[in-house]
Amino acid sequence: MKKIAVLISGSGSNLQAIIDATKSCFIQNAKIECVISNKRDAFGLKRAEDNNIETLFLNSEGLSRQEYTQKLCAKLDERNIDLICLAGFMLVLTDDIFPKYKNKILNIHPALLPSFGGIGLYGKRVHQAVYESGVKVTGATAHFVTKECDRGPIILQEVINILDTDEPDDIAKKVLEIEHRIYPKAVKLFVEDKLQVNGNRVLIKNIS
Ligand code: GRF
């Protein structure tokens with residue numbers, strides 16, 4: 001049984017997608033051990049409570065990024081976490097997380113990386129940038145987290161067309177639907193040990 005920690009800062013709709021995937025047994029042999037938020041009022045904490053999942057509010061106020069990362073690692077270590085899922089977690093952690101959790105941290109990004117990613121491109125800003133660039137497609141990316149923000153090995157991507165009538169909010173809505181589909185799939189592949197990281201490429205083993 002793999003133990004998952006989900007880190008959130010807000011609504012937690014991706015957390016909900018992962019919860020639902022474990023409840024429906026789409027993801028088997030895994031348990032969401034805890035949900036950790038740096039925001040006390042994150043709605044995702046309520047989603048976790050409603051599903052009898054342990055919640056932790058880890059306040060970042062007054063702490064450096066390094067201190068926060070170390071505090072977080074202590075909580076993860078205490079619980080023997082196998083997989084960390086970032087799901088709208090708005091803090092950038094420091095390298096202190098990697099000695100132990102290298103290739104064990106996943107993230108979902110609301111665009112087709114490596115485009116429209118990196119520091120400062122998060123949330124609505126991503127969809128605004130996509131809209132203004134005039135690209136005709138966008139999508140979502142589930143990827144491993146590495147030291148370089150939004151540049152880790154890509155696990156899954158799905159694409160949508162951008163229509164002439166789409167505004168940034170329309171794009172955001174359509175992309176979120178994709179996120180909810182591909183993030184649980186990526187978690188499932190991880191839990192089933194089907195992901196093999198080879199440099200910046202992820203090979204998916206025995207996919208049926
Ligand atoms: C999602 O768009 C995700 O791609 C990004 O943050 C947002 C989180 O949304 N990393 P939610 O909290 O899961 O609803």
Side-chain angles (χ1 to χ4, degrees), residues 4-23 26-27 32 34-51 53 55-58 60 65 72 83-93 97 104-131 133 135 137-160 162 166-188 190:
I4 303 173
V6 185
L7 274 52
I8 59 158
S9 300
S11 148
S13 68
N14 279 286
L15 161 68
Q16 188 68 54
I18 299 168
I19 292 174
D20 293 346
T22 54
K23 284 167 86 173
F26 177 69
I27 299 172
I32 303 176
C34 61
V35 171
I36 301 176
S37 173
N38 65 318
K39 298 280 178 202
R40 192 191 298 272
D41 58 355
F43 184 68
L45 290 175
K46 170 143 191 348
R47 296 183 193 266
E49 281 162 15
D50 289 348
N51 286 279
I53 299 167
T55 57
L56 289 168
F57 162 56
L58 270 196
S60 60
R65 286 201 301 124
L72 174 70
L83 170 65
I84 302 165
C85 293
L86 308 185
F89 185 65
M90 299 306 286
L91 290 180
V92 179
L93 301 170
I97 192 111
K104 293 182 176 179
I105 311 174
L106 306 188
N107 184 43
I108 184 80
H109 185 80
L112 297 171
L113 292 175
S115 297
F116 304 105
I119 302 278
L121 275 172
Y122 57 87
K124 286 185 175 179
R125 293 176 183 209
V126 176
H127 304 297
Q128 187 65 36
V130 163
Y131 177 80
S133 77
V135 292
V137 293
T138 185
T141 304
H143 65 99
F144 281 102
V145 173
T146 56
K147 293 178 183 184
E148 226 187 320
C149 181
D150 291 336
R151 295 307 295 264
I154 292 170
I155 302 167
L156 294 172
Q157 292 184 305
E158 200 176 311
V159 178
I160 56 153
I162 298 174
D166 281 339
E167 297 288 328
D169 282 351
D170 303 311
I171 298 171
K173 208 169 151 199
K174 291 185 203 174
V175 168
L176 196 59
E177 278 174 29
I178 296 180
E179 293 181 38
H180 297 164
R181 206 160 43 238
I182 68 169
Y183 207 8
K185 276 189 199 167
V187 173
K188 176 182 167 75
F190 180 95

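Please read these numbers as outputs of a predicted model, since none were measured by experiment. Indexing begins at 1, ligand by ligand and atom by atom, following the structure's order.
- Considering both main-chain and side-chain atoms, Gly12 comes within under 3.5 Å of ligand 1 through a nitrogen or oxygen pair.
- One finds the CD1 atom of Ile178 at 7.5 Å from the OG1 atom of Thr138 (value rounded to the nearest 0.5 Å).
- Listed by number with element, the atoms of ligand 1 under 4.0 Å from a non-hydrogen atom of Ser11 are 12 (O), 14 (O).
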With a cut-off of 3.5 Å and sequence neighbours excluded, list every side-chain donor-acceptor pair involving residues 120-129.
from: Tyr122; atom 1: OH; to: Arg125; atom 2: NH2; distance (Å): 3.3
from: Arg125; atom 1: NH1; to: Gly120; atom 2: O; distance (Å): 3.3
from: Gln128; atom 1: NE2; to: Glu132; atom 2: OE2; distance (Å): 2.7

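- Counting non-hydrogen atoms of neighbouring residues, nucleotides and ligands closer than 6.0 angstrom, the NZ atom of Lys174 exceeds 12 such neighbours.
- Atom 5 (C) of ligand 1 has Ile108 O, 3.9 Å as its closest protein atom, hydrogens excluded (heavy atom only).
- Here Ile18 contributes atom CD1 and Phe26 contributes atom CZ; the two are 11.5 Å apart, rounded to the nearest 0.5 Å.
- Side-chain contact between Leu72 and Leu7 is present, with heavy atoms from C-beta onward closer than 4.5 Å.
- If you check which protein heavy atom lies closest to atom 9 (O) of ligand 1, you get Asn14 ND2, 3.9 Å.
- Between atom 3 (C) of ligand 1 and the options Arg47, Glu179, Gln16, the minimum heavy-atom separation is to Glu179.
- Annotation: atom 14 (O) of ligand 1 to nearest protein heavy atom, Ser13 OG, 2.5 Å.
- Ranking the protein heavy atoms by distance from atom 8 (C) of ligand 1 puts Gly88 CA, 3.5 Å first.
- By the 4.0 Å N-to-carboxylate-O rule, Asp50 lies close enough to Lys46 to be salt-bridged with it.
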